[in-house]
Amino acid sequence: MSHHNHLEEPLSEQSLSSLSLTHVEFNPKDPLSYTYAYITLSPLIILISYVSIIVARRELMMINMFFGQLFCEMLNFGLKKWIKEKRPNGINTLLIYVYIDKLGSGYGMPSSHAQFISYFATFASIYLITFHNNSRKFPIILGLIIFSCLVSYSRVYLIYHTTKQVIVGNIFGLTFAIFWYILLEKIIRPLGVFKIIIESRLARYFYIRDNSFVKDIVNIEYMNWLTLIGEKEGQKTD
């Protein structure tokens with residue numbers, strides 16, 4: 001029964017830890033700190049969005065982008081274990097920087113949040129520039145850049161990372177996004193790998209499609225929707 005003793009200990013005596021992805025400490029007296037605490041959770045929301053969009057849309061591009069995001073996170077994990085640079089020790093008040101024992105667990109170089117959002121914003125922007133031929137993409141790209149900056153700055157403001165750790169995280173995220181895009185579109189696609197995947201029985205069963213060659217998929221789908229609505233209205237009048 002000795003191996004069950006740790007389960008019988010009171011919760012107050014057990015060494016518990018929180019999930020770093022969702023656990024955020026902030027200064028409740030600082031409104032900006034409260035706001036940035038929500039902004040810094042955005043990678044979790046993006047991960048949920050990845051899965052939701054993949055299930056709903058069955059787009060090969062989104063699946064490829066998601067795998068790139070996962071590999072980027074694996075790279076970040078390896079870099080942290082290799083560099084072994086600690087996080088900053090402190091908490092940001094309204095006008096005072098107070099040192100505490102520890103804020104955030106694990107190593108801090110490079111920032112995983114900064115690398116995550118930098119990859120996401122960069123890859124999405126490259127895809128929009130390359131495959132979408134309409135003026136609506138530029139406000140979206142601008143929004144991605146601003147959002148990426150906010151997430152990155154939130155890690156510094158909340159004292160989970162130093163400025164250097166966030167900058168390095170952004171560099172690695174941006175670089176990996178460019179590398180992943182080149183690997184997919186300039187090396188793998190010309191080899192016909194994606195065509196083989198799309199034409200496979202498994203892809204047909206799950207309705208996986210590749211619309212990367214369509215320049216304005218949003219407009220085409222909207223026009224198809226208008227056509228279906230028109231046909232439905234025509235059936236009612238008949």
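We use all heavy atoms of the structure for the numbers below, so side chains are in, but hydrogens, waters and symmetry mates are not.
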Donor-acceptor check, side chain of [X] to backbone of [Y], threshold 3.5 angstrom: yes or no?
{"X": "Ser118", "Y": "Asn170", "answer": "yes"}
{"X": "Ser200", "Y": "Ile197", "answer": "yes"}
{"X": "Trp180", "Y": "Gln69", "answer": "no"}
{"X": "His113", "Y": "Thr40", "answer": "yes"}
{"X": "Ser152", "Y": "Cys149", "answer": "no"}
{"X": "Gln165", "Y": "Val156", "answer": "no"}

Least distance between heavy atoms, [X] atom then [Y] atom:
{"X": "Arg204", "Y": "Glu199", "result": "NE-O, 3.4 Å"}
{"X": "Ala121", "Y": "Ser148", "result": "CB-CB, 4.0 Å"}
{"X": "Glu73", "Y": "Ser112", "result": "OE2-O, 3.7 Å"}

Item to complete: Among Arg58, Arg189, Lys195, find the one that has a salt bridge (charged side-chain N to carboxylate O under 4.0 Å, His left out) with Asp210.
Response: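 Passing option: Arg189.
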Worksheet item: Between Phe176 and Phe179, what is the ring plane arrangement, given parallel below 30°, perpendicular above 60°, and tilted in between?
Response: tilted
Practice prompt. Report the relative orientation of the aromatic rings in Tyr50 and Phe66; use parallel for angles under 30°, tilted for 30 to 60°, perpendicular for over 60°.
Written response: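 Aromatic pair Tyr50/Phe66 classed tilted.
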Worksheet item: With no hydrogens and no angle check, do the side chains of Thr130 and Tyr181 hold a donor and an acceptor under 3.5 Å apart?
Response: yes
Discussion item. Ring centres under 6.0 Å, that's the criterion: do Tyr36 and Tyr153 meet it?
Written reply: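 For Tyr36 and Tyr153, the ring centres are under 6.0 Å apart.
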Practice prompt. Is it possible for you to check whether Arg155 lies under 6.0 Å from the centre of the six-membered ring of Tyr160, through NZ or CZ, and within 45° of that ring's axis?
Written response: yes
